[in-house]
Amino acid sequence: MAGLLSLLTEDFQSGEALARRLGVSRAAISKEAHRLLEEGFPLEVGRQGYRILPGTPLPHLFHPPGRLGRPYRYLGRVGSTQDALRAWAEAGALEGALVLAEVQERGRGRRGRTWESRPGVSLTFSLLLRPRLPLPALGLLPLLAGLALYEAVGVGGLKWPNDLLSPDGRKLAGVLLEAKAEGEEVAHALLGVGVNVAWAPEGAAFLQEFTPLSRREVLERFLARLEALLPLLEDPEAFLPRYAQASYTLGRRVRVETSKGPVEGVAEAVLPDGSLMVGGVRVGAGEVVLLDLE
């Protein structure tokens, strides 16, 4: 009964009304609702009837403000949104294609770390971009995405290269970039984003500690900001000062674990290719773990 999700709203509807609209029995509605719950969709079921958890980006409730987020696939339980989007991209999906899942069973962050998500409270999605960038400029894309997320929610600051931290330094969100190259250019980029909106793992933070934004509002705002910022990839000097203003890393003493050994010093600047200058040493975003020493 694929149609049940398309009828749900943020207001409760009775099983009888939903059954009548779909031409099935009330028992069939109950059975389908519980199946959807098992698949990870955040339904609320009670005496008042059925509804989707407020703020859920169901396709008929989600309104992307521009070209990003179109087309859109909303899923329950998946391995990872990156894997789902990669298959779609290789099948010819257009730029702006978006995959969002309520639960990722193999969600991952940078350097192979796991990313935890829970239905109805986490925001985990992947966005397809075809930026026509030369390969050396690819390192700027995660920084730009981090800046778009920061400007979308107006909370905290950025830890280089692309983590969003709460005002007290706990992790709110992260960005993962995977790309496919053709010759010297980027064929497509998969931008994976995980945001703790109404829940966070131990030691992390969630947005609703600081702002009432819903998951749908965060997603719509992020897509709008990213679309506005994307043209600046061709002119890094235009957005790096904005990134610097949002940075929790620049000006602080840090330790960077690189493949060639640790580097310690003051984080001095973000360079036009997205790398970080630490104590006079350039370190690239793809090979480091950054730890505050203070």
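- Put simply, the side chain of Leu158 reaches to within 4.5 Å of the side chain of Leu164, judged on heavy atoms.
- In this structure, Ile52 and Leu61 have side chains that are in contact, with non-hydrogen atoms separated by less than 4.5 Å.
- Remark: Arg132 CZ is loosely packed, at most 12 non-hydrogen atoms of other residues, nucleotides or ligands lying under 6.0 Å away.
- Using a 4.5 Å heavy-atom threshold, the side chains of Val153 and Arg221 count as separate.
- Of the possible donor and acceptor atoms, none in the side chain of Thr81 sits under 3.5 Å from a partner among the backbone N and O of Val99.
- Put simply, Leu229 and Leu98 are part of the same group of oily side chains (I, L, V, M, F, W, Y) that touch within less than 4.5 Å, one to the next.
- Between Glu264 and Arg255 a salt bridge is recorded (basic side-chain N to carboxylate O distance below 4.0 Å).
- For the pair Leu123/Leu100, a side-chain contact is recorded, criterion being any heavy-atom separation below 4.5 Å from C-beta on.
- No option in Leu276, Val254, Val278 other than Val278 meets the side-chain contact (heavy atoms from CB on, under 4.5 Å) test with Val263.
- Atom OG of Ser30 sits about 11.5 Å away from atom CG of Leu18, to the nearest 0.5 Å.
- Note that CZ of Arg20 and CZ of Arg26 are 10.5 Å apart. Values are rounded to the nearest 0.5 Å.
- Ion pairing of Glu32 with Arg35 is present here, as a side-chain N (NZ or NE/NH1/NH2) and a carboxylate O approach within less than 4.0 Å.
- Residues Ser122 and Phe206 are not in side-chain contact: their nearest non-hydrogen atoms beyond the backbone lie 4.5 Å or more apart.
- Under the 4.5 Å side-chain criterion, counting only non-hydrogen atoms from C-beta, Leu140 is not in contact with Pro272.
- With 3.5 Å as the limit, one finds no donor-acceptor pair spanning the side chains of Asp11 and Thr9.
- Taken from CG in Leu219 to NE2 in His63, the straight-line distance is 12.0 Å, to the nearest 0.5 Å.
- The local environment of CD in Glu234 is sparse, with at most 12 non-hydrogen atoms from other residues, nucleotides or ligands closer than 6.0 Å.
- The line from CG of Leu230 to CD of Glu95 is 7.0 Å long, rounded to the nearest 0.5 Å.
- Other residues, nucleotides and ligands contribute over 12 non-hydrogen atoms within 6.0 Å of the NE2 atom of His60.
- Judged by distance alone, the side chain of Trp88 and the main-chain N or O of Leu94 form no donor-acceptor pair under 3.5 Å.
- Grouping the Ile, Leu, Val, Met, Phe, Trp and Tyr side chains by contacts below 4.5 angstrom, directly or via other members, places Leu213 apart from Val121.
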Trp160 and Tyr243: CA distance, side-chain angles, deciding distance, side chain to side chain contact (heavy atoms under 4.5 Å, CB included) verdict: CA-CA 10 Å; Trp160 181 87; Tyr243 181 92; 3.8 Å; yes
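- Side-chain contact check for Arg215 versus Pro42: some heavy-atom pair is nearer than 4.5 Å.
- Atom-to-atom distance recorded for Glu39:CD and Glu102:CD is 11.5 Å, nearest 0.5 angstrom.
- Trp199 is listed as a side-chain neighbour of Glu116, based on a closest heavy-atom distance under 4.5 Å.
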